Amino acid sequence: MALKRNAAVTSESRALVIGGAGFLILGMIAFLLVGREPVALSGRGSVGDIAALGTAVLGAAAAVIGSLQRQAHDAPTAPGRARTRNIIDISALALAHACIFLLGWLALFSIFQRAFVGAVLYPVAAAILVGVTGAISAYTAYLSTVTMNAYRLAALLAVFLVTGVLTSMLTAEDPQWWQENLSALGMSSGVSGVAFNLTLIVAGVVVTTLAGYSTRTLESTAKTAPTRRRVRHLEGGIILIGILLACVGLFPVDEQFWLHTASASGMVVVFGTLVVRMRSLVPSLPATFHVLGLVFLAVIAFAVLMYFPFGYYNLTAVELIAASLVFAWLIVLIRNLAAVDADQLAVSAPARPPLARTDTAAQAAAPGTDRTAADS
């Protein structure tokens, strides 16, 4: 009990040690790389590049440490398929954190450079600043993964998608990219294209990880074969959305148009199928969630209708509406499944025995106690 009671304090202590190590490691590397000349905040060979690449590596390593630490307190991993799935989940978490730090620090230092036009940093100041980014990233990644659950993973997916797409938009070489379509961000071979495609690929891997996290309790508590089959259908649908999302990034629209379009369209089709079948797949989900899914589906259909026959707005608007609603629904689904899991675990958990009373309290509460004998 003492170990569990102090688990949060222990995690914070370890996170501080890992953050301190990140500061020292990345600060020393930055000092050696910068040399004696002043260096810019953003751009090739800048402080931003060193911080982004360094925090990506440190963040991934801290995420792996946190994941292994969390699993050390869980049930042992089963052999075979479950162990392979476990390796994929840890790799996805590490990759997601690495990309968040890579793209996030690149975007942040780019904003800093625009705010401080012409500013440069000398070696010691640059090393300290880069070391701070390493400490923040390693500290955050460890705590994020050591306490990872479906709620946190859904939030991680949202943060990652917003960070990646915004970074791609901010670094786009063509400021008029939005006049074509959203996928035009992935057509560039520069930072913008790499950020956009990498975001979609890694997000797809994270979605497949979400499938395992969100259906684990449902599958373990399923008592009949039809129920287990429905849970597997739900997990398979979420995994398929993740695979198709990764394919959208793997096949840029300017190189593999039909594969790119088929993957994006297929993702919406799978989303619509899950929305329609969700009441039969997971009857325990609240009715408000089913209504929300149908509303999202209707809005996407209306947006498509307003584009193709009427041309009310361009394709970028349709893609933004569809993508935003699909991912919003997916994140809300994960949170609702986690809530269902929490309720099921609370119901199945054995009732705790009442706290033992002290001898004095028990004696005072006992009927017929001979107070005179006790006093003597």
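Fair warning: this is a prediction, and the values are worked out from it, not measured in the lab. Heavy atoms only: backbone and side chains are in, while hydrogens, waters and symmetry mates are out.
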Common cluster, [X]/[Y], ILVMFWY with side-chain heavy-atom separation under 4.5 Å:
{"X": "M169", "Y": "W178", "value": "yes"}
{"X": "I18", "Y": "I100", "value": "no"}
{"X": "M187", "Y": "F196", "value": "no"}
{"X": "I29", "Y": "V39", "value": "yes"}
{"X": "L68", "Y": "I65", "value": "no"}

Answer yes or no: is there a donor N or O on one side and an acceptor on the other, between the side chain of [X] and the main chain of [Y], under 3.5 Å?
{"X": "N197", "Y": "L200", "result": "no"}
{"X": "T167", "Y": "T163", "result": "yes"}
{"X": "T208", "Y": "V205", "result": "yes"}
{"X": "S110", "Y": "L106", "result": "no"}
{"X": "S137", "Y": "G134", "result": "no"}

Measuring from [X]:[atom1] to [Y]:[atom2], what's the distance to the nearest 0.5 Å?
{"X": "F160", "Y": "L153", "atom1": "CZ", "atom2": "CG", "answer": "12.0 Å"}
{"X": "L33", "Y": "L53", "atom1": "CG", "atom2": "CG", "answer": "10.0 Å"}
{"X": "T316", "Y": "I321", "atom1": "OG1", "atom2": "CD1", "answer": "11.0 Å"}
{"X": "E319", "Y": "L185", "atom1": "CD", "atom2": "CG", "answer": "9.5 Å"}
{"X": "F257", "Y": "L259", "atom1": "CZ", "atom2": "CG", "answer": "11.0 Å"}
{"X": "L129", "Y": "I50", "atom1": "CG", "atom2": "CD1", "answer": "10.5 Å"}

| request: I would like to know whether I239 and I243 meet side chain to side chain contact (heavy atoms under 4.5 Å, CB included); could you show each step before the answer? | output: CA-CA 6 Å; I239 290 175; I243 293 173; 3.8 Å; yes
Work out which heavy atom in [X] is nearest to a heavy atom in [Y]; give both atom names and the distance.
{"X": "V248", "Y": "S263", "value": "CG2-CB, 3.7 Å"}
{"X": "L156", "Y": "A96", "value": "CD2-CB, 4.2 Å"}
{"X": "L210", "Y": "I334", "value": "CD2-CG2, 3.7 Å"}
{"X": "H290", "Y": "P286", "value": "CD2-O, 3.3 Å"}
{"X": "A158", "Y": "I331", "value": "CB-CD1, 3.5 Å"}
{"X": "A98", "Y": "A56", "value": "CB-O, 3.3 Å"}

| With respect to L281, which candidate in V231, L274, V276 satisfies the side-chain contact (heavy atoms from CB on, under 4.5 Å) definition? | L274
| Which residue, T55, T140, T145, V64, forms the side-chain contact (heavy atoms from CB on, under 4.5 Å) with H97? | T145
Taking the side chain as C-beta and beyond, is there a heavy-atom pair between [X] and [Y] under 4.5 Å?
{"X": "V340", "Y": "N336", "answer": "no"}
{"X": "R14", "Y": "S11", "answer": "no"}
{"X": "S168", "Y": "T199", "answer": "no"}
{"X": "L95", "Y": "S91", "answer": "no"}
{"X": "L234", "Y": "M278", "answer": "yes"}

| Chi angles and distances behind the side chain to side chain contact (heavy atoms under 4.5 Å, CB included) call for V326, I300 | CA-CA 9 Å; V326 169; I300 292 175; 4.1 Å; yes
| task | Carefully, step by step, assess E12 and Y142 under the rule side chain to side chain donor-acceptor pair (under 3.5 Å). | result | CA-CA 9 Å; E12 283 291 340; Y142 175 80; over 6 Å; no
| said: Over 60° means perpendicular and under 30° means parallel, so tell me whether F116 and F112 are parallel, tilted or perpendicular. | reply: perpendicular
| request: Report the relative orientation of the aromatic rings in F271 and W329; use parallel for angles under 30°, tilted for 30 to 60°, perpendicular for over 60°. | output: perpendicular
| Donor + acceptor pair across side chains of S192, W177 (<3.5 Å) | no
| query | Is there a donor in the side chain of R230 and an acceptor in the side chain of T227, or the other way round, less than 3.5 Å apart? | reply | yes
| said: side chain to side chain contact (heavy atoms under 4.5 Å, CB included) for L58 and F101? Distances and angles first, verdict last. | reply: CA-CA 9 Å; L58 285 178; F101 296 132; over 6 Å; no
| Given the rule in the side chain to side chain contact (heavy atoms under 4.5 Å, CB included) test, do L93 and I90 qualify, once you have shown the distances and angles that lead to the verdict? | CA-CA 5 Å; L93 288 176; I90 293 177; 5.7 Å; no
| Heavy atoms of other groups near Q176 CD, more than 12 under 6.0 Å | yes
